[in-house]
Trainee: 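Input: one structure, supplied below.
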Amino acid sequence: MANLVAPKVQQQAVSVTRKMSASLPGLRDIAAQRGLKVHHLGAGYPHPEVTDPRGFLQHQQAYFDHLREREGLNDPDVLPEYLREAYSYTDTLGPISARQTFANVYGRDWDLTLDPEKLIPTVGASGGINLICSIFEHPGQPVAYITDAPTYAGFTARVALCQYASIFSVEMDGEGPLPDGMRAQIRAAREQGFFVPFYYTVPDGHNPGGFSFSQKRREAVLQVAREEGILIVEDAPYLYINFAQPEDRAKPFFSMAPDQTVHLFTGSKIGFPGPRVGFLYSEAELEIAEGEKVPLSELALVESSSELLFHSPGALRGFEALLHEQIGDDFVERDSIWALAEDKLVVYRENRQILLDVLEKELGSYRDYFSWTIPGGGFFTVFSFLNNSRGSTVRTDDAMIENMVMEHGLVVIPMYDFYPKDARERDPGAGMNQLRLSFCFSESAGQQRRDDMREAVEAFCHAAKALVGIT
Ligand SMILES: Cc1ncc(COP(=O)(O)O)c(C=O)c1O
């Protein structure tokens, strides 16, 4: 067989989260051999208790039957239009009914009139990240993306695929990215000859930051973006996995400034990850060659038509079903997505409370040793080992992570890999004293889930105290 030669191809580094999930079965065996129970505080997956698709499949079938009746079809040999469409080629925008329904419901939730012609279907939020990067990447033109330190691993992984793309990262405090730092990074990138199209972030339930940005900080960030002329790419998987009271919730960027924002919606967390439903939405206009202005949504559409051609129409119609409620024999468009999210929130709210209660109970009196973020949304808290009076510093490196599994059956994720390269160059210790603890996933349901969650956090606290020498 001939050798294939690809001299320009580079092997990309595998992220810590992927390494962990790949090594989990082996670690699980080792833990079992040692008689340890595996405690899940690592995986960022939706909980199996709220992702059983059977109820959804029944609902979807009933909705499709309703569409068939609406078409006035009684003859079972006649193919209904919705079914023909679900398995056919569509144009890149996909079925208008799915986009129109989503525009209505999402628009009501966020006080915005969404134009369904600007809703570009994507393969989850991951597809949205890919799409927005692709628009700005052209061979030979160096491009710099601004993002947080730390940032979502899927974003850094996507950026690494383009040899012309670099990340300029911005440090965060408890409210969000530092606006002055952001402005300085945009300017530094430009001075070095990079084109700077956007700032990428996850303002609600930051992954992996474990907190939500304050309203004030969002406004400051928006002002920097406006003054410097860059877009904000708002990745919003946890917008509805929100633990704040309605009156305390900060506004997503796209409801504050749809012309400055590229909003990435995904159905993965409020529905199911499997159907890969997502939308990119923006009302931004870009100046392109010769001063011509074009809507970003048109550029995204052209890019997507060559990348994807079209999203699964069946999956989009299924999502449309999810956005309808059955009332008697009829189906009516939901008023809001919040009610859908509530089914999921019951589990995440409980798990989060158990995590925070146990951390407080076990470690609350050792505040000079440990700190942790309070997640306003999402699936994670960041746990930090602090420099303490005994001078001992815990390093959360790969050896420590492996030891947590081998000695305690604890699966946790180190933070260092979430810091972009430039952040680690600025501070080689970035993330080296931090862990990402997740409260979204376990293998059990109901009371057993609650018990497992409590046990996992207790085991973690026990291990953390042992690591710093508290007995
Ligand atoms: C911040 C963030 N963006 C994107 C994704 C991927 O989502 P999707 O399933 O929609 O591709 C995740 C998943 O965990 C995430 O946390």
Side-chain angles (χ1 to χ4, degrees), residues 15-18 20-21 40-48 50-51 53 102 106 119-134 145 147-159 167 169 172 176-177 198-213 232-242 252-254 262-281 304 307-308 311-312 315-316 318-319 322 337 341 344 348 373 375-382 413 415 417-420 436-441:
S15 75
V16 162
T17 35
R18 288 204 57 201
M20 280 303 286
S21 49
H40 293 282
L41 294 172
Y45 302 139
H47 201 281
V50 292
T51 38
F102 179 67
Y106 209 52
L119 277 170
I120 315 295
T122 58
V123 179
S126 307
I129 292 173
N130 187 50
L131 183 57
I132 194 64
C133 289
S134 300
Y145 302 128
T147 190
D148 310 310
T151 192
Y152 173 52
F155 178 66
T156 34
R158 170 57 187 78
V159 176
I167 283 182
S169 64
M172 296 195 282
F198 63 74
Y199 158 60
Y200 164 88
T201 192
V202 190
D204 290 283
H206 195 284
N207 178 7
F211 73 108
S212 299
F213 297 176
I232 296 174
V233 174
E234 171 173 57
D235 189 2
Y238 309 106
L239 196 50
Y240 291 92
I241 310 297
N242 199 313
F253 283 109
F254 87 123
V262 178
H263 183 80
L264 306 182
F265 169 83
T266 174
S268 292
K269 306 294 174 350
I270 54 126
F272 302 90
R276 309 305 294 129
V277 168
F279 291 105
L280 177 151
Y281 185 79
S304 181
E307 231 167 46
L308 200 66
H311 195 290
S312 157
L316 288 164
F319 184 62
L322 198 64
I337 290 177
K344 319 265 175 183
Y348 300 128
T373 63
F379 287 170
F380 313 105
T381 178
V382 172
I413 302 287
M415 282 293 289
D417 205 41
F418 297 121
Y419 284 80
R436 190 192 73 176
L437 304 183
S438 76
F439 52 89
C440 52
F441 179 81

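When a ligand or atom number is given, it counts from 1 through the structure's own listing order. Computed from heavy atoms alone, side chains included, the values below leave out hydrogens, waters and symmetry copies.
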Trainee: Could you list the residues that satisfy side chain to side chain donor-acceptor pair (under 3.5 Å) with D204, not counting sequence neighbours?
Mentor: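 Per chain and number, D204 pairs via side chain to side chain donor-acceptor pair (under 3.5 Å) with R218.
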Trainee: Who gets closest to atom 11 (O) of ligand 1 by heavy atom: G267, S126, A43, G124?
Mentor: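 Considering heavy atoms of G267, S126, A43, G124, the nearest to atom 11 (O) of ligand 1 sits in S126.
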Trainee: Write out the residue and atom name of the closest protein heavy atom to atom 3 (N) of ligand 1, then the distance separating them to 0.1 Å.
Mentor: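 For atom 3 (N) of ligand 1, the nearest protein heavy atom comes out as D235 OD2, 2.5 Å.
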Trainee: With a heavy-atom distance limit of 4.0 Å, tell me whether K269 approaches ligand 1 through its side chain, its backbone, both, or neither.
Mentor: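 Near ligand 1, K269 shows its side chain, while the N, CA, C and O stay back.
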Trainee: With a cut-off of 4.0 Å, which atoms of ligand 1 are near a heavy atom of R276?
Mentor: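 Answer, ordered by atom number: 8 (P), 9 (O), 11 (O).
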Trainee: Between G209, G128, S268, which one has a non-hydrogen atom sitting closest to atom 9 (O) of ligand 1?
Mentor: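 Result: the heavy atom closest to atom 9 (O) of ligand 1 is in S268.
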Trainee: Mark up the atoms of ligand 1 that fall under 4.0 Å of a heavy atom belonging to T266, in ascending order.
Mentor: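 Counting from 1, the qualifying ligand atoms are 8 (P), 10 (O).
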Trainee: Are the side chains of F254 and I232 in contact, using a 4.5 Å heavy-atom criterion?
Mentor: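 Counting from C-beta outward, I232 and F254 never come under 4.5 Å.
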Trainee: Starting at CZ of F379, measure out to NZ of K269 and round the result to the nearest 0.5 Å.
Mentor: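 Atom-to-atom, F379:CZ and K269:NZ are 5.5 Å apart.
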Trainee: Considering G154, C440, A125, which one's heavy-atom position lies nearest to atom 7 (O) of ligand 1?
Mentor: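 Looking at heavy atoms only, A125 sits closest to atom 7 (O) of ligand 1.
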Trainee: Atoms of ligand 1 less than 4.0 Å from P237 heavy atoms?
Mentor: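 Under 4.0 Å from P237, ligand 1 has these atoms: 1 (C), 2 (C), 3 (N), 15 (C).
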Trainee: Just to be sure I read this right, does ligand 1 sit under 4.0 Å from the backbone of Y238, its side chain, both, or neither, counting only heavy atoms?
Mentor: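 Within the 4.0 Å criterion, Y238 contacts ligand 1 through side-chain atoms alone.
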